Protein chains: 2
Amino acid sequence: MLTVTGLRERKKQQTYDALSEAAIALFLKRGFDEVSVTDIAEAANVSKPTLFKYFPTKQDLVLHRIADHRHESARVVAAAGVPPVQALREHFLAGLTARDPITGLNDHPQVLAYYKLVFTTPALTTRLHQFMDDDERALAEALGGDLKGELLAAQAVSVQRVLSRRNWEVITAGQRAADRYLDAVTEAETAFDGLPIG
Amino acid sequence: MLTVTGLRERKKQQTYDALSEAAIALFLKRGFDEVSVTDIAEAANVSKPTLFKYFPTKQDLVLHRIADHRHESARVVAAAGVPPVQALREHFLAGLTARDPITGLNDHPQVLAYYKLVFTTPALTTRLHQFMDDDERALAEALGGDLKGELLAAQAVSVQRVLSRRNWEVITAGQRAADRYLDAVTEAETAFDGLPIG
DNA sequence: CACAAAAGATTAACTCGGTCAATCTTTTGC
DNA sequence: GCAAAAGATTGACCGAGTTAATCTTTTGTG
């Protein structure tokens, strides 16, 4: 068995990428609701059932990028040697510095277009919230699963959602990420200060 | 114009009730996903498009009861003469005392069956979360719409969701509402104490 | 009390997201 | 090199939700 990666694996990856890229390109051009999954399957030279073997829902054609970050908060807390809230705060602040798109503080046109698509399409925001609920559950578990853990998890996820959304809105209104950075840090610190333990 | 309530209004109300009751009865008996909207329309002697004129989605046939409480938090805050967090806390505690189903502290079999249906059906919990997001937006607006308001709104909604869910789980596990009451109050006070300002 | 206008219900046909059973292709064990 | 298993592909199908045209019922008015 000398095959490093089977031919099959490579083809699968190719199909996956073709679907995702075709989908996002079409969605960006015509809008999420104006493109049918059949259109996407055709554009990727694949049948509709095949598409759904790669992506469980139409929304996931867009959101798989974000979904890859699933349970990140829980992992951060579990891996950290410091108190949970401190770990989450530092992780978010590092994200701001790195201009991680998930913090909303990124003004690359492609990133902006992508998030505009997500935030202005109800079906996508809905599914995004499902992912965040998953995140919250995992985080609550990582925090012990008791009342305090559940509350902290819910509030930590909320905080990150509100902060990211605000950053994205300011950037969308035209401000450069670099110009927003300091305010974003200030807001993040204010927000995390409001969490128990600190 | 002496007509107190037109005949038309009454018939509409009748159809509305017939649809809702037929739907919930069928869902409770066979499960949400095992009943088609066509089944419900037939049971209510109505056509499918007519059903959708009364309820925008299949889920709303179940959730309209909860949806009636929309923006309740925002209204509570707006109507109160006390600080927002205090108003929300008092409102929730009053709900516990009154065994308001929305607090999870209600052990009537019908109520339990209804919430079991809601919480164990993904399509319903998803739509429920959409309502809570609406609630959160309205509350944030009522709180001023700035960062602090948005954060407080998100956390207040989270707190109520976590508390209600915990109560429901304990009741579902077999405890009587009366026996849960004191713990529910304690947990609620702990949770609201964690919110800014208090 | 009749009747015109309008509001609402009905029907049939349609679109679209998602699933399934059967078929075909590729990989793998011998 | 080949048979069997694993996996990919497809056409046919189902259910939610919509639309346009038609028909019924209610209501305000002469």
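Computed from a predicted model, the values in this text were never measured in an experiment.
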Student: Using whole Å, report how far CG of A/Leu61 lies from P of C/dG18.
Tutor: 9 Å
Student: Between D/dT10 and A/Ser47, is there an OP1 or OP2 to side-chain N/O distance shorter than 4.0 Å?
Tutor: yes
Student: Rounded to whole angstrom units, what separation is found between the CG atom of B/Leu51 and the C1' atom of C/dT11?
Tutor: 15 Å
Student: Tell me, which pairs form a salt bridge (charged side-chain N to carboxylate O under 4.0 Å, His left out) where one or both residues lie in residues 17-46 of chain B, sequence neighbours left out?
Tutor: B/Arg30-B/Asp39
Student: If you check the B/Pro49 side chain, which of D/dT9, D/dG11, D/dT19 turns out closest?
Tutor: D/dT19
Student: Would you tell me whether B/Arg89 and B/Gln86 have side-chain atoms, one donor and one acceptor, within less than 3.5 Å of each other?
Tutor: no
Student: Between B/Lys53 (NZ) and D/dT24 (C1'), how many Å, whole number?
Tutor: 13 Å
Student: Between the main-chain N or O of B/Leu105 and the side-chain N or O of B/Asn167, is there a donor-acceptor pair closer than 3.5 Å?
Tutor: no
Student: Taking N or O atoms only and anything under 3.5 Å, show me the protein contacts with nucleotides 13-17 of chain D, one pair per line.
Tutor:
residue, atom, partner, partner atom, Å
D/dA16, OP1, B/Val37, N, 3.4
D/dA16, OP1, B/Lys58, NZ, 2.9
D/dA16, OP2, B/Val37, N, 3.0
D/dG17, OP2, B/Lys58, N, 2.7
D/dG17, N7, B/Lys48, NZ, 3.0
D/dG17, O6, B/Lys48, NZ, 2.8

Student: Between B/Asn45 (CG) and C/dT11 (P), how many Å, whole number?
Tutor: 11 Å
Student: Mind telling me whether B/Tyr16 and B/His64 have parallel, tilted or perpendicular rings, with 30° and 60° as the class edges?
Tutor: perpendicular
Student: Indicate, with a heavy-atom threshold strictly under 4.0 Å, whether B/Tyr54 touches base, sugar-phosphate, or nothing.
Tutor: sugar-phosphate
Student: Could you pull out all donor-acceptor pairs under 3.5 Å where a side-chain atom in residues 137-156 of chain B meets a protein atom, sequence neighbours excluded?
Tutor:
residue, atom, partner, partner atom, Å
B/Arg137, NH2, B/Asp134, OD1, 3.1
B/Asp146, OD1, B/Gly149, N, 3.0

Student: Rounded off to whole Å, could you give me the CD-to-P distance for the B/Glu34 and C/dT19 pair?
Tutor: 14 Å
Student: With the threshold set at under 4.0 Å for non-hydrogen atoms, list the residues of residues 18-28 of chain A touching DNA chain C in residue-number order.
Tutor: none
Student: Anything under 3.5 Å between a donor and an acceptor, one on a side chain of residues 110-122 of chain A, the other on a protein residue two or more places apart or in another chain? List them.
Tutor:
residue, atom, partner, partner atom, Å
A/Tyr114, OH, A/Val62, O, 2.5
A/Thr120, OG1, A/Lys116, O, 2.6
A/Thr121, OG1, A/Leu117, O, 2.7

Student: What donor-acceptor contacts under 3.5 angstrom involve side-chain atoms of residues 70-82 of chain A, with partners at least two apart or in another chain?
Tutor:
residue, atom, partner, partner atom, Å
A/Glu72, OE2, A/His91, NE2, 3.1
A/Ser73, OG, A/Gln160, NE2, 3.4
A/Arg75, NH2, A/Arg70, O, 2.5

Student: Taking the six-membered ring of A/Phe32 (Phe, Tyr or Trp), confirm whether the NZ or CZ of A/Lys58 is under 6.0 Å from its centre and within 45° of its axis.
Tutor: yes
